[in-house]
Each structure stands twice: as C-alpha cells, then as structure tokens.
Amino acid sequence: MWRDLLPIGRHPASHGYRRFAWTGVDVDCRAWFKEQAEARGLAYEVDRNGNQWAWLGDPAAGDAVVTGSHLDSVPDGGAFDGPLGVVSSFAALDELRGRGVDFAKPLAIVNFGDEEGARFGLACVGSRLTAGQLTVEGAHKLTDGDGVSLPRAMEAAGYDPDAIGADPERLARIGAFVELHVEQGRALDLSGDRVGIASAIWPHGRWRFDFRGEANHAGTTRLVDRRDPMLSYAETVLAARREAELAGAVATFGKIAVEPNGVNAIPSLVRGWLDSRAEDQAALDRVVGGIEKAAREYAAAHGIDLDVVRESFTPVVEFDHALRDELGRILGKDTDLTVPVLGTGAGHDAGILSGSIPTAMLFVRNPTGVSHSPAEFAAEDDCVAGVLALADVLEGLACR
C-alpha cells in the first residue's frame with residue numbers, strides 16, 4: 001500500500017508532496033482509497049461533503065468504530081502526515097482478519113477531505129462541514145489563490161457542491177473515532193516509546209495581517225519618504241517570536257503575499273498569515289494580543305495601515321477521557337509498560353469531531369520531530385508497531 005501511494009503528488013524537485021484538495025492529484029489519492037476498500041470487500045461510499053468511507057458491517061446498525069485520517073498535504077509536505085493513518089487503518093483491518101476476530105460492531109475507515117487547508121486556507125474542511133462547524137455559506141465563500149471557489153473546485157472534480165452541509169445522521173452512527181498519526185514532535189523519541197496516546201490538542205488559529213503602504217520606485221524614493229509595509233511586517237515577525245518565547249507557545253508567519261511583488265518596487269501591500277498555538281486559551285490570547293499590539297505600533301510608526309483578520313480558530317480539545325483511558329487499558333494489557341500520554345500543538349480531524357462523538361488519537365514515533373516537510377519520517381518498525389497498536393485498539397472496541 002505504501003509503495004503504491006508514495007509517488008502520487010510527489011514533486012520531482014522538492015521531493016515533497018503537493019496533494020491539494022479537489023485537484024487531479026487528490027482525485028488519484030481518492031482512487032487509491034477506493035481501490036483499497038474494494039480490494040477488501042468493504043462497502044465504499046462518499047458522503048455529502050466528499051469524505052470517503054469504507055465500511056465493514058452495516059453502517060445503520062450504529063455504535064460503529066471508525067478509524068482513518070486524511071490523504072491531502074501541505075505544500076511540499078511529507079509522506080506520513082495523514083497517509084500513515086489511512087494506510088495503517090487498512091493494515092490494521094488486515095491484521096484483525098488474520099487473527100480471525102469476530103466483529104460485534106460495524107467498522108469503518110475514513111479519508112477526510114481537505115484536512116490541511118492548503119488550497120482554501122481553512123483546515124479540516126471535510127470534518128468541519130460534517131460536524132456543522134463550517135456553514136454551507138462559509139464553505140461557498142472559500143477561494144484558492146487563483147480565485148477558484150470551493151464549489152467550483154468540487155464540481156470540476158466530479159462532486160456536487162450543493163449537497164454539502166452538516167451530517168448529524170452519519171455522526172449518530174459512530175460510537176468512537178480513533179485516528180492514528182505520525183507524531184509531529186519528538187516526545188516519543190525522547191521517551192524511547194514507539195506509540196503514544198493523545199491527551200489534548202492545544203488551542204490554535206490563523207490570523208491574516210494586511211499591511212498597506214505606498215508603492216514607489218526602489219531606486220529613486222528616499223528612505224525617509226517611504227511608506228514601506230515590509231518594514232512593519234518584518235518587525236512583526238520578530239515580535240511574534242518574542243511573544244511566543246515569553247508564553248512558552250509557538251507563533252509562525254509561514255505565508256506571505258506581496259504587491260506589486262517587484263524587485264525594484266517598494267510594496268504597496270504585504271499580507272502575512274500568522275499561525276499560533278499554546279497550551280491553554282489564556283496563553284494563546286496573550287501571544288496573539290501581544291503580536292497585534294506590536295504590529296499596530298510598528299505600522300503607526302511607519303505610516304502604514306493595518307487590518308488583522310482571524311481566519312480560523314479551534315479551541316482546546318480534550319479527547320474523551322473514558323475512551324482515552326480505554327486505549328491505555330487495551331494497550332497496557334498483559335504488560336507492565338505504561339503507554340505515554342502526550343498533548344499536541346497540531347490540529348486534526350479527531351479534534352474537530354470531538355465535540356460530536358468520542359474521539360481519541362494514537363501517535364507513532366517520529367525520530368526527527370520534523371513534520372510538514374519532505375524530511376518527515378517514521379521507521380518501518382515503528383509504523384508496524386503503530387499498526388499493531390491500532391489493531392489491538394480496534395479489537396478491544398469493536399470485537400467480541
């Protein structure tokens with residue numbers, strides 16, 4: 001499975017992945033998922049929001065156990081973020097069938113669409129729509145960098161954009177959702193464990209900072225006569241680092257758009273996107289508030305107009321304690337070892353769904369801690385350990 005999926009969407013120069021929602025590469029990833037489902041005799045379906053499902057047993061029976069993740073990527077992302085969870089889900093089902101277990105509940109594997117938000121700027125679109133956390137009106141307003149709207153993109157990929165919306169009937173069928181994911185940090189590497197259990201997802205969001213100045217000639221405009229928004233933006237980037245360090249949080253300006261974007265032109269507009277995450281809401285508020293305060297001071301000093309817009313936000317997510325404890329009990333059975341429980345600053349579909357159904361997550365060791373990069377890595381032995389752990393969990397939750 002890994003070998004078949006690996007080349008899809010891989011960029012020959014960067015060796016990273018460009019699997020963006022509702023593109024030809026995304027269609028290829030979806031075809032791969034469908035092939036895996038049908039090869040195992042699973043009932044395949046696509047829901048109203050474009051999420052893919054592979055069912056073993058009757059979905060209408062209710063109290064289903066669901067696992068899976070996503071197949072899309074950030075620009076030039078790694079091979080493991082998302083796909084490891086989907087591949088491991090199919091492999092775990094194979095393992096359970098090899099054990100000859102008797103399923104007492106329906107089991108499903110899911111591929112949620114547009115988890116990374118790389119194309120339309122909003123993460124977890126598929127699961128947000130399903131959980132009713134993104135309205136139809138809001139989804140229809142989403143556009144990519146070329147001005148293509150989400151509905152147009154879905155339609156071009158062969159899906160019906162008029163069908164999207166909250167799907168409470170589907171969620172009512174699910175008793176538990178467990179998502180396996182490569183760890184996006186080094187906690188497991190430092191502790192020497194191959195697999196861990198998630199405790200919570202830090203609150204996080206994305207903010208757009210629009211610095212508006214005056215375009216002018218780079219060679220003839222005196223420094224004192226300039227209204228250069230790039231200066232205010234650069235100072236704000238440094239402020240973000242300082243505020244994050246003070247709060248023990250993280251803050252990143254990782255995307256920028258400049259107009260007119262000429263080497264010999266002073267910019268008229270610098271638009272930067274801030275991603276910030278912290279262990280609790282109070283810390284996050286301090287960080288973002290401090291960054292915005294500094295940005296406004298810098299902008300005023302340089303004669304720059306500034307608009308700050310919050311584009312997305314996800315509050316802290318405490319995974320279902322009973323389900324989390326059950327995972328620990330299952331994985332710790334017949335052993336004296338304790339499976340580590342750790343928090344994460346990364347958002348996931350499991351976090352979005354946690355407000356509607358019991359959810360939990362398993363992490364697989366990442367020896368470098370690198371993620372959202374071609375250097376993202378997990379050793380084969382650790383991936384196998386993740387599959388076996390997921391199989392044990394699914395057996396404990398779904399089998400007699």
Side-chain angles (χ1 to χ4, degrees), residues 1-10 17-22 25-40 42-47 49-56 64-74 77-97 107-116 118 123-127 130 174 176-184 195 198 346-353 359-364 366 371-372 376-378 380 382-391 393-394:
M1 283 188 289
W2 198 253
R3 190 167 51 247
D4 291 342
L5 184 61
L6 211 58
I8 301 176
R10 193 171 193 178
Y17 287 89
R18 300 182 182 182
R19 296 166 171 163
F20 306 143
W22 310 115
V25 170
D26 187 47
V27 169
D28 291 341
C29 288
R30 289 169 173 273
W32 174 90
F33 183 95
K34 183 179 181 181
E35 289 170 4
Q36 299 303 320
E38 292 179 343
R40 290 166 174 78
L42 305 178
Y44 171 79
E45 63 171 335
V46 180
D47 68 22
N49 297 307
N51 305 309
Q52 295 178 288
W53 300 79
W55 286 93
L56 178 68
V65 176
V66 179
T67 186
S69 191
H70 63 96
L71 294 175
D72 66 311
S73 78
V74 299
F80 294 83
D81 182 353
L84 180 62
V86 179
V87 170
S88 297
S89 296
F90 284 117
L93 174 58
D94 294 343
E95 167 69 16
L96 291 177
R97 282 175 160 172
L107 178 71
I109 297 170
V110 62
N111 167 35
F112 283 109
D114 200 7
E115 192 270 357
E116 296 290 5
C124 300
V125 170
S127 56
T130 300
I174 301 172
F177 174 61
V178 180
E179 180 175 4
L180 179 144
H181 204 282
V182 66
E183 189 196 356
Q184 295 167 289
V195 177
H348 301 280
D349 292 310
I352 298 297
L353 298 179
T359 65
M361 289 192 71
L362 295 175
F363 291 128
V364 172
N366 177 344
S371 186
H372 284 187
E376 184 178 80
F377 178 72
E380 184 173 333
D382 289 344
C383 293
V384 170
V387 168
L388 295 176
L390 181 60
V393 165
L394 296 179

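The structure presented is a predicted model; accordingly, all values stated were derived computationally and were not measured.
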Chemist: Counting distance only, does the side-chain N/O of T67 pair as donor-acceptor with the main-chain N or O of E179 below 3.5 Å?
Modeler: no
Chemist: Would you give the length of the straight line joining atom CG of L353 to atom NE2 of H348, rounded to the nearest 0.5 angstrom?
Modeler: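 Output value for this atom pair is 12.5 Å.
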Chemist: Minimum heavy-atom separation for S88 to L180, with atom names?
Modeler: OG-CD2, 3.7 Å
Chemist: First locate atom OG1 of T130, then atom CG of N51, and finally report the distance between them rounded to the nearest 0.5 Å.
Modeler: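 Rounded to the nearest 0.5 Å, the OG1-CG separation comes to 4.5 Å.
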Chemist: Are F80 and W2 an aromatic pair, judged by ring center distance below 6.0 Å?
Modeler: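 Here the rings of F80 and W2 have centres that are less than 6.0 Å from each other.
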Chemist: To the nearest 0.5 Å, what is the distance between CZ on R18 and CG on D26?
Modeler: 16.0 Å
Chemist: If you apply the rule side chain to side chain contact (heavy atoms under 4.5 Å, CB included), what do you find for V178 with T359, and how did you get there?
Modeler: CA-CA 6 Å; V178 180; T359 65; over 6 Å; no
Chemist: Any donor-acceptor pair under 3.5 Å linking the side chain of S69 with the backbone of G85?
Modeler: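 Pair absent, no side-chain N/O of S69 close to backbone of G85.
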Chemist: State, to 0.1 Å, how close A360 and A350 come at their nearest heavy-atom pair, and which atoms those are.
Modeler: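 Answer, listing the atom of A360 first, then A350: O-CB, 4.3 Å.
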Chemist: Between R19 (side chain only) and I8 (backbone N and O only), is there a donor and an acceptor less than 3.5 Å apart?
Modeler: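 Confirmed, R19 side chain pairs with I8 backbone.
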Chemist: Provide the closest heavy-atom pair for F112 versus G126 in the form atom of the first, atom of the second, distance.
Modeler: CD2-C, 4.4 Å
Chemist: About how many Å separate CG of L84 and CG of D382, when rounded to the nearest 0.5 Å?
Modeler: 10.0 Å
Chemist: Would you find a donor on one side and an acceptor on the other, under 3.5 Å apart, between the side chain of D72 and the backbone of A21?
Modeler: no
Chemist: Considering only heavy atoms from C-beta outward, does the side chain of L42 approach that of W53 to under 4.5 Å?
Modeler: no
Chemist: With a 4.5 Å cut-off on side-chain heavy atoms, are V65 and F177 touching?
Modeler: no
Chemist: Please examine the side chains of D81 and H70, heavy atoms only from C-beta on, and report whether any two atoms are closer than 4.5 Å.
Modeler: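 Side-chain contact under 4.5 Å: yes.
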Chemist: With no hydrogens and no angle check, is any side-chain donor or acceptor of R97 less than 3.5 Å from a backbone partner on R40?
Modeler: yes
Chemist: Given 3.5 Å as the limit, does a donor-acceptor pair link the side chain of E183 with the main chain of V364, or not?
Modeler: no
Chemist: Using side-chain heavy atoms (C-beta onward) and a distance below 4.5 Å, is W32 in contact with R30?
Modeler: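 When only atoms from C-beta onward are counted, R30 and W32 do not touch, as no gap falls below 4.5 Å.
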Chemist: Regarding N366 and Q184, do their side chains bring together a donor and an acceptor under 3.5 Å, going by distance alone?
Modeler: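 Absent: no donor and acceptor within the cut-off.
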Chemist: For V25 versus G9, what's the shortest heavy-atom pair and its separation?
Modeler: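 Taking V25 first and G9 second, the nearest heavy atoms are CG1-CA, 3.4 Å.
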Chemist: Of all heavy-atom pairs between A64 and W55, which one has the smallest distance, and what is that distance?
Modeler: CB-CZ3, 3.6 Å
Chemist: Within a strict 4.5 Å, meaning less than it, do heavy atoms of the I109 and F90 side chains meet?
Modeler: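 A side-chain contact under 4.5 Å exists here.
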Chemist: Is there a donor-acceptor contact under 3.5 Å from the side chain of Y17 to the main chain of L6?
Modeler: yes
Chemist: Find out whether E95 and L388 are in side-chain contact, i.e. whether some heavy atom of one side chain is under 4.5 Å from a heavy atom of the other.
Modeler: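 SC-SC contact between E95 and L388 confirmed.
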Chemist: With no hydrogens and no angle check, just 3.5 Å: does a side-chain donor-acceptor pair link Y44 and Q52?
Modeler: yes
Chemist: Do you know which two heavy atoms are closest between E376 and S371, and how far apart they sit?
Modeler: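 So the two residues come closest at OE2-OG, 2.7 Å.
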Chemist: Side-chain contact, heavy-atom cut-off 4.5 Å: S89 with L390?
Modeler: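 With C-beta onward as the side chain, the pair touches.
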Chemist: Are L96 and L394 close enough that some pair of their side-chain heavy atoms sits under 4.5 Å apart?
Modeler: yes
Chemist: Is there a side chain to side chain contact (heavy atoms under 4.5 Å, CB included) between D349 and V110? Walk through the geometry before answering.
Modeler: CA-CA 11 Å; D349 292 310; V110 62; over 6 Å; no
Chemist: Could you tell me whether the side chain of D47 and the main chain of N49 form a donor-acceptor pair under 3.5 Å?
Modeler: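 The answer is yes, because a donor-acceptor pair under 3.5 Å joins these two groups.
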